[in-house]
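Let me begin by presenting the structure, written as structure tokens, before commenting on it.
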There are 2 protein chains.
Amino acid sequence: MPRRTKAEAEATREALLDAAEEVFYDNGVARTSLEQIARHAGMTRGAVYWHFKNKADLFHALLDRVRMPFEEMMDEVRDTTDVDSPLETLRLACLNGLTRIEQPKSRRIHAILLHRCEFFSDINPLEMQNRLVEECQAGMREQFRYAHELGLLKPHLSPDTASRLLQATLGGLIHDWLRNPERFSLQEEGREVVNTLFRLMRYEP
Amino acid sequence: MPRRTKAEAEATREALLDAAEEVFYDNGVARTSLEQIARHAGMTRGAVYWHFKNKADLFHALLDRVRMPFEEMMDEVRDTTDVDSPLETLRLACLNGLTRIEQPKSRRIHAILLHRCEFFSDINPLEMQNRLVEECQAGMREQFRYAHELGLLKPHLSPDTASRLLQATLGGLIHDWLRNPERFSLQEEGREVVNTLFRLMRYEP
DNA sequence: TGCAGTTTACATTCATGTATGTATGCTTGT
DNA sequence: ACAAGCATACATACATGAATGTAAACTGCA
């Protein structure tokens with residue numbers, strides 16, 4: 001019995017994406033068939049092929065639902081708090097990122113992108129990861145340069161190295177946690193690591 | 001034309017593993033068929049099925065060729081240099097690790113494990129990664145505790161946090177680099193990041 | 001000659017894409 | 001206002017190709 005109205009159709013589209021997200025997360029992208037996804041959403045493959053061109057198209061649609069650019073996170077911090085130090089803004093944005101990635105939806109998507117998909121058809125997850133990372137890196141470097149000009153960084157700590165260090169640490173933290181969320185708490189140990197790193201980088205006479 | 005002697009058979013086994021390594025690296029594990037691997041080694045699937053039970057078995061054999069435990073790296077450093085500070089030993093071991101992972105063989109295997117395989121049949125790459133990481137983490141924590149007792153760590157920097165920080169940074173660095181080795185040099189920027197982190201953690205009156 | 005090593009041939013499974021069927025909603029002419 | 005006709009939103013059926021595993025045939029050393 002087909003859904004008819006526009007709203008209902010949109011609902012099944014979302015249901016299919018939700019289903020894909022869960023099944024991808026549980027079984028990996030390569031191992032899940034469109035049949036599995038459809039069944040998990042209470043539909044058949046016909047519905048999938050109606051809403052999406054193919055598996056790759058569905059995958060793109062999945063990622064589009066959760067993308068959160070770095071710059072927006074910085075802006076968000078600046079809007080909601082009144083710190084004027086770039087280092088503090090950056091630190092809060094990082095903590096913010098950790099919190100976001102704990103949300104089930106965001107967490108599943110990132111886990112899929114990082115650990116549960118290889119390249120297939122026209123999709124290269126490594127390129128996607130790279131885009132995210134480089135964008136993030138650029139934003140961080142800008143803040144660190146600003147902090148450097150203000151003399152807020154430890155002497156002999158170049159903005160470039162600082163941004164690479166933070167980038168690596170954050171990336172590693174998220175990788176590790178997504179790989180096994182039970183191993184440690186992002187909100188406790190994770191924040192502690194980030195705060196510690198900033199404390200080490202900040203110049204205090 | 002079948003290979004006959006034991007040595008020749010062993011050679012084709014290695015050739016098959018080499019082929020698998022390359023094709024897995026280029027196309028991902030899921031997307032490569034045993035046929036592709038065999039052809040790439042100048043053989044047919046029959047040879048593969050003679051030497052390995054199936055794809056999963058071949059995959060295990062691949063990983064077994066390059067495993068390098070953390071403890072051994074620490075021992076290696078202690079043997080070849082004469083530093084008595086745990087922090088220095090640790091730092092050198094890390095730099096050592098960066099150098100090792102640049103070797104084509106090691107680099108390909110790790111890239112496959114981190115970025116080019118999802119779970120399939122009885123294989124769960126995430127578990128394998130976890131084993132490596134936890135083992136490494138335990139070793140680092142031990143060294144940091146020792147350094148802490150000797151008063152070598154910055155005040156307010158707990159050994160646990162320090163080890164988590166280093167672990168995350170190293171992991172992130174390696175992830176980032178393996179994802180796109182052209183983006184930066186492990187030997188230059190990578191070492192610089194590690195050295196900087198140790199400089200920040202070390203206590204110097 | 002027997003057997004380790006390798007090829008070839010074959011049966012099976014399974015996912016994909018597409019074509020077709022169909023029921024419902026929407027629109028338009030009157 | 002209300003059918004007729006068309007578009008939408010699916011389900012079903014089928015054709016295809018690709019990968020797997022296995023069994024049987026082959027080949028040359030021992």
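Reminder, nothing fancy here: chain letters follow the sequence lines and each chain counts from 1. Everything numeric here is computed off the predicted structure, so don't read it as measured data.
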* A:Asp57 CG to C:dG17 P: how many Å, rounded? -> 11 Å

* **Whole-Å gap separating P (D:dA11) and CH2 (A:Trp50)** => 13 Å

* salt bridge (charged side-chain N to carboxylate O under 4.0 Å, His left out) partner of A:Asp18, the single match among A:Arg13, A:Arg108, A:Arg65 -> A:Arg65

* Do the side-chain N or O atoms of B:Thr12 get closer than 4.0 angstrom to the phosphate oxygens (OP1, OP2) of C:dT6? -> yes

* **Separation of atom CZ in B:Phe52 from atom P in D:dG21, rounded to whole Å** => 14 Å

* Asked: Across the strands shown, which category fits B:Ala47 at heavy-atom distances under 4.0 angstrom: base, sugar-phosphate, nothing?
  -> base

* Asked: Which whole-number value in Å describes the distance from A:Tyr49 OH to D:dA13 P?
  -> 17 Å

* Below 4.0 angstrom from OP1 or OP2 of D:dT8, is there any side-chain N or O of A:His51? -> no

* Taking NZ from B:Lys53 and C1' from D:dT22, how many angstroms apart are they, rounded to a whole number? -> 14 Å

* From D:dA11, D:dT20, C:dT7, pick the nucleotide closest to the side chain of A:Met43? -> D:dA11

* B:Glu10 CD to C:dA4 P, straight-line distance once rounded to whole Å -> 16 Å

* Provide, to the nearest angstrom, the distance between the CD atom belonging to B:Glu35 and the P atom belonging to C:dT7. => 11 Å

* Base, sugar-phosphate, or nothing for A:Thr44, non-hydrogen atoms under 4.0 angstrom? -> base

* Please report, rounded to the nearest Å, how far the P atom of D:dG21 is from the CD1 atom of B:Ile37. => 12 Å

* Asked: Under 3.5 Å, is there a donor-acceptor pair between the side chain of A:Glu118 and the main chain of B:Ala30?
  -> yes

* **Parallel, tilted or perpendicular: rings of A:His115 and A:His175 (30°, 60°)** => perpendicular

* Kindly assign one of parallel, tilted or perpendicular to the pair B:Phe59 and B:Phe120, based on the angle between their ring planes and the thresholds 30° and 60°. => perpendicular

